[in-house]
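Please read the structure below before turning to the comments.
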Amino acid sequence: MNTILEHIKTSREKGDKLLAILLDPDKLLISEVEETITKINQSKVDYIFVGGSTVSIGITEVLVKKIKTLTHIPIIIFPGDFEQVTNKANALLFLSLLSGRNPEYLIGQQIKSVRKLKKTSLEIIPTGYILIDGGVETSVQKVSNTTPISQLNIEEITMTAIAGELMGKQLIYLEAGSGATEAVSQEIIKEVSDNLTIPLLVGGGIRTKKQLKNAYKNGADIVIIGTAFEENNSILEAII
Ligand code: 1GP
């Protein structure tokens with residue numbers, strides 16, 4: 001069976017770049033889902049990520065079920081907490097916030113999710129999540145109560161990513177935070193990518209075709225776009 005992780009790895013080997021759109025259940029109204037997914041279906045989107053830092057209990061599953069009736073694009077849960085785990089999706093980014101020093105987001109939430117995960121057939125993808133200063137205080141920072149790594153500290157970002165790979169993570173996600181005013185710099189993407197053998201995800205503050213192209217050029221395998229699409233769901237036509 002071709003798993004999502006295998007697809008990501010194969011794409012990396014072939015140099016195919018992937019795009020994910022992030023939908024936040026707390027922001028997207030159910031009445032808007034159909035139009036939103038129609039736009040996504042018309043574009044070259046590889047994955048739909050669903051998740052947010054502060055999502056009311058139960059609504060992630062409702063949203064995922066609705067999306068599934070409208071598309072064949074794989075849905076990947078990108079959870080802000082264990083309550084967002086639902087077996088209605090195709091896969092779960094099993095995140096560990098490696099940049100932070102808050103045990104709750106390194107291992108606590110993961111433990112809380114185990115009972116549910118044991119009962120699901122979700123593909124679980126161990127992912128090292130690295131929060132980088134995106135110029136504004138983001139929800140991830142507030143909710144996780146952790147300090148992002150400065151964009152100037154490329155050494156620490158790179159060593160954190162490598163440590164993640166050595167710990168067995170299958171993906172590394174460089175995150176400037178939703179709505180970041182400064183996306184992860186090209187220099188950071190390049191340095192981290194050059195030092196990893198696993199796929200690299202980059203998100204936070206990406207709004208333009210130029211940013212997207214540069215992120216891919218410097219080694220991002222998957223770029224995640226949330227806010228720019230939320231604000232204008234016709235943006236994909238312009239930037240892909
Ligand atoms: C946030 O990386 C994602 O977790 C997407 O960020 O909303 O800024 O596109 P934006």
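As the structure lists them, so they are numbered: ligands from 1, and atoms in each ligand from 1. Values below: all heavy atoms of this structure, side chains included; hydrogens, waters and symmetry mates excluded.
Sequence neighbours left out, not one pair with a member in residues 182-234 passes ring-ring contact (aromatic ring centres under 6.0 Å, His included).
Annotation for ligand 1: atoms under 4.0 Å from non-hydrogen atoms of G226 are 5 (C), 7 (O), 9 (O), 10 (P). The atoms of ligand 1 that sit less than 4.0 Å from any heavy atom of I225 are 9 (O). Set against the non-hydrogen atoms of G179, the atoms of ligand 1 under 4.0 Å away are 7 (O), 8 (O), 10 (P).
The closest side-chain donor-acceptor pair between Q151 and D133, if any, does not fall under 3.5 angstrom.
Among all protein heavy atoms, the one lying closest to atom 5 (C) of ligand 1 is G204 N, 3.7 Å.
With salt bridges taken as basic N to acidic carboxylate O contacts below 4.0 Å, none links E83 and K116.
Following chains of ILVMFWY side-chain contacts shorter than 4.5 Å, one can reach V223 starting from I73, so the two form part of one hydrophobic cluster.
Using a 4.0 Å heavy-atom cutoff, Y173 is listed among the residues neighbouring ligand 1. Assignment of F78 to the shell around ligand 1 is supported, since a heavy atom sits closer than 4.0 Å.
For S96 (side chain) and L98 (main-chain N/O), no donor-acceptor pair under 3.5 Å exists by modelled atom type.
Looking at E175 against ligand 1, only its side chain comes within 4.0 Å, counting heavy atoms.
Among the atoms of T227, some N or O lies under 3.5 angstrom from an N or O of ligand 1.
Cluster partners of I222 are I4, L5, I8, L18, L22, Y47, F49, I76, F78, L93, L95, L97, Y105, I125, Y129, L131, V140, V143, L171, Y173, L201, I224, counting Ile, Leu, Val, Met, Phe, Trp and Tyr whose side-chain heavy atoms approach within less than 4.5 Å, directly or via other members.
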